[in-house]
Amino acid sequence: MSKTSQDDAPRPRRIEPRTLKGFRDYLPEAMIPREQLIDTARAVYRSYGFSPIDTPALEYLEVLTGKGSEETDRQLYRFVDHGGREVGMRFDLTVPLARFAAQHIGALGTPFKRYHIATVWRGENTQRGRYREFMQCDFDTIGTLSVAADIETGLVIHDLMRAIGIERFTIHVNNRMVLNGLLQKLDLADQATHVLRALDKLAKVGAARVSEELTATAGCSTQQAGEVLRLAELAGDNDQVLQQLGPLVAGNPLGEEGVARLAEILAGVRAAGVDDQRIQLDVSIARGLDYYTGVVFETLLDELPGIGSVCSGGRYDNLAEVYTSQHLPGIGASLGLDRLLAALEELGKIRPVRTPADVLIAYFDKSRLNDYLRLAARLRAAGLGVELYPEPRKLGQQLKYADQRGFRVALVAGPDEFTAGTCQVKNLASGDSSHVSQAGDPPAELVAAIRAAL
RNA sequence: GUGGAUGUAGCUCAGUUGGAUAGAGCACUGGAUUGUGGCUCCAGUUGUCGGGGGUUCGAAUCCCCUCAUCCACCCCA
């Protein structure tokens, strides 16, 4: 028990490592599928000509508070910076887009198509799958009223789902013009917010509860509530629902236009090759009570509808009116990244992997480090992801490491292999292994054997 | 924001009406096995019992506060 001077020195006070409420660390096994999903979204957006943009995480507070309700104001992270400016952290990507468009539309020109994948912050109470820091993956087309942009939004959602590897999904589509037209007709236009809020819960709570809410909160007469709920009774395929919708809005120009536009949208996505099963006219969805004015989309997974919409959006009339006099209509949607990841995990579609590389080269013969480095370099040049184990430990430990991280293939080369000019290719899933020549640059036989095992 | 529940090892959890040294499985490390992972066997490591305060001879256990997580509601994406 010799006391050294070190023991007498004041022990550094340990700070407990912890993450802030509602904020998360992402370990490799969570981050790898997350990055894949983001890469997929980016590729699909780009394939339609949407261009990447970015904006600052922080904005002048007035830019963010100008548009939101008092609800978003309450959730806003805000502070005074060192220069005395009142600033806020963005809580979505739409408000920054509006500011961005108002500021730069002269240079951008219209129509302007952008995607924006970035983190946003809301200081609201946390819940399962809902955090204070989360990512949004938006794409929008602004400056055009064309129905082609509406159709294209549906197509992007469709392609995105399929690119992610989801085959069984349904895009629910509606048009707020139909709802608003009907409300005008029923003389409920000034109660639109309450009516739509109630109607939006139809799938969740059923017609009876919606009817209660309509009379209690929205001040509808029972007759008006009944008329609204006739929407819920519409049944059949898309064409049949369209036909039944006509009489409901007949005589109201807004509603009639809405129905006509829905027909065009459905015809357009069909013409582009979307299976009729995957897009469904659903008159009960309203979404985002304030700014949507036209077509709205929600995407549900057929195998997991309870999780809610994984990709939603719609058309809005005047994106940037609080920032500019220029009229900028737009349409867009956003991929629910966290929700979708949770769904993919629940559906077993995420392979648990902790490495992005497929190949691990065992550091087996201590004196051959340079040979292993050369081999790794040649394989990487051939396009493979290759990790060299950094220490010449027991082979069993290295294989265990490879297995646990999710490598697909281990390469083992010791004195015997180097003498023969070969390399052992071991398939970690099956345990099979074979000896392959490592000659050549690129080492064609070896690359072929590895690719066969992936 | 409202109401409810739960916090014990890296993970999942047990821990009796308050009782002495807080356990199990899995995981991890080493060995059986110095050129081959997953199976088996053996050994070992791992704890501010979420944190603080109180009651008590004695607290993981009871009380208060606090933090975190989960569920429902509200709202929203």
Side-chain angles (χ1 to χ4, degrees), chain A residues 13-24 27 29 68-76 90-95 119-138 193-194 196-198 200-201 204-205 209 213 217 285-292 296-299 307-314 332-340 360-366 368 389 392-419 423-435:
Chain A
R13 208 175 83 80
R14 283 277 153 65
I15 295 163
E16 187 190 350
R18 54 190 184 142
T19 45
L20 212 49
K21 178 184 175 72
F23 289 70
R24 295 173 290 170
L27 271 59
E29 61 207 76
S69 57
E70 66 273 9
E71 180 66 20
T72 52
D73 283 3
R74 213 181 58 195
Q75 298 177 353
L76 196 64
R90 64 178 173 218
F91 55 87
D92 71 8
L93 299 178
T94 304
V95 170
T119 306
V120 303
W121 297 269
R122 289 185 198 179
E124 69 178 329
N125 211 349
T126 55
Q127 263 183 58
R128 177 185 181 75
R130 196 181 278 200
Y131 304 92
R132 289 180 171 176
E133 177 181 66
F134 56 101
M135 186 161 271
Q136 291 196 327
C137 307
D138 282 24
T193 299
H194 289 124
L196 295 180
R197 186 176 293 170
D200 210 35
K201 294 176 183 167
K204 203 171 165 186
V205 303
R209 293 277 301 279
E213 183 167 339
T217 310
I285 64 166
R287 289 214 60 74
L289 304 164
D290 294 331
Y291 56 78
Y292 289 122
V296 289
F297 295 98
E298 285 196 351
T299 311
I307 201 164
S309 175
V310 295
C311 191
S312 315
S334 184
L335 178 68
L337 189 72
D338 290 295
R339 206 176 255 192
L340 192 52
L360 182 81
I361 298 179
Y363 185 0
F364 181 47
D365 182 339
K366 190 176 180 185
R368 294 279 190 170
Y389 196 84
R393 298 178 73 187
K394 280 171 52 176
L395 192 54
Q397 290 179 329
Q398 299 192 40
L399 289 172
K400 191 173 179 184
Y401 171 91
D403 184 49
Q404 288 176 332
R405 316 268 153 164
F407 285 92
R408 314 292 275 265
V409 169
L411 298 184
V412 181
D416 298 348
E417 283 83 359
F418 279 113
T419 303
C423 176
Q424 188 190 143
V425 178
K426 187 176 180 73
N427 182 323
L428 287 162
S430 67
D432 300 338
S433 68
S434 57
H435 286 265

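Just so we're on the same page: letters track the sequence lines, and every chain starts at 1. Please read all numbers here as calculations on a predicted model, not as lab measurements.
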Mind checking if [X] touches a base, just sugar-phosphate, or nothing, with heavy atoms under 4.0 Å?
| X | result |
| --- | --- |
| A:Gly431 | base |
| A:Gly396 | sugar-phosphate |
| A:Gly314 | nothing |
| A:Phe364 | base |

When rounded to the nearest Å, what value does the distance between [atom1] atoms of [N] and [M] take?
| N | M | atom1 | result |
| --- | --- | --- | --- |
| B:G54 | B:U29 | C1' | 42 Å |
| B:G25 | B:C67 | P | 37 Å |
| B:U66 | B:U6 | C1' | 16 Å |
| B:C39 | B:U33 | C1' | 14 Å |
| B:U21 | B:G7 | C1' | 24 Å |
| B:G51 | B:G10 | P | 13 Å |
| B:C49 | B:U61 | C1' | 10 Å |
| B:A9 | B:C26 | C1' | 12 Å |

What's the spacing between [X] [atom1] and [Y] [atom2] if we round to 0.5 Å?
| X | Y | atom1 | atom2 | value |
| --- | --- | --- | --- | --- |
| A:Leu93 | A:Ser334 | CG | OG | 7.0 Å |
| A:Phe407 | A:Leu399 | CZ | CG | 11.5 Å |
| A:Leu395 | A:Phe364 | CG | CZ | 5.5 Å |
| A:Lys426 | A:Leu411 | NZ | CG | 12.0 Å |

Practice task
Evaluate the side-chain proximity of A:Arg24 to A:Asp338: yes if any heavy-atom separation is below 4.5 Å, no if none is.
Solution key: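 The answer is yes, as the side chains (C-beta and beyond) meet within the 4.5 Å cut-off.
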Could you identify the nucleotide paired to [N], looking across every strand shown and requiring Watson-Crick or G-U wobble geometry with both distances under 3.5 Å?
| N | answer |
| --- | --- |
| B:G37 | none |
| B:C76 | none |
| B:C26 | B:G10 |
| B:C49 | none |
| B:U17 | none |
| B:G58 | none |
| B:G3 | B:C71 |

Per [X] side chain, nearest of listed nucleotides [options]:
| X | options | answer |
| --- | --- | --- |
| A:Gln424 | B:A68, B:U36, B:G38 | B:U36 |
| A:Asp403 | B:G38, B:G35, B:A77 | B:G38 |
| A:Thr126 | B:U36, B:C70, B:A77 | B:C70 |

Compare side-chain N and O positions of [X] against OP1 and OP2 of [N] and report whether any pair is under 4.0 Å apart.
| X | N | answer |
| --- | --- | --- |
| A:Gln397 | B:G30 | yes |
| A:Arg393 | B:U36 | no |
| A:Lys394 | B:G31 | yes |
| A:Lys400 | B:U36 | no |

Practice task
On RNA chain B, check which nucleotide each of A:Lys426 and A:Gln136 is closest to and give me the residue with the more 5' one.
Solution key: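 Here A:Lys426 is the residue nearer the 5' end.
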Exercise for the section: Nearest-nucleotide wise, let me know which of A:Ala429 and A:Glu417 is further upstream toward the 5' end of RNA chain B. Expected result: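 Mapping each residue to its closest nucleotide by heavy atoms, the 5'-most match is A:Glu417.
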Value in whole Å for how far the [atom2] atom of [N] lies from [atom1] of [X]:
| X | N | atom1 | atom2 | result |
| --- | --- | --- | --- | --- |
| A:Gln398 | B:U34 | CD | P | 15 Å |
| A:Leu27 | B:G10 | CG | P | 15 Å |
| A:Arg130 | B:A77 | CZ | C1' | 7 Å |
| A:Gln75 | B:C76 | CD | C1' | 7 Å |
| A:Asp416 | B:U34 | CG | C1' | 14 Å |
| A:Glu29 | B:G10 | CD | P | 17 Å |
| A:Gln404 | B:C26 | CD | C1' | 13 Å |
| A:Ile361 | B:U36 | CD1 | C1' | 16 Å |

Practice task
Give a yes or no on whether a donor-acceptor pair under 3.5 Å exists between the nucleobase atoms of B:A77, that is its base, and the side chain of A:Glu298.
Solution key: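 Check fails, no donor-acceptor contact within cut-off.
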Side chain [X], main chain [Y], donor-acceptor under 3.5 Å:
| X | Y | result |
| --- | --- | --- |
| A:Gln398 | A:Tyr363 | yes |
| A:Arg132 | A:Glu124 | yes |
| A:Arg339 | A:Ser309 | yes |

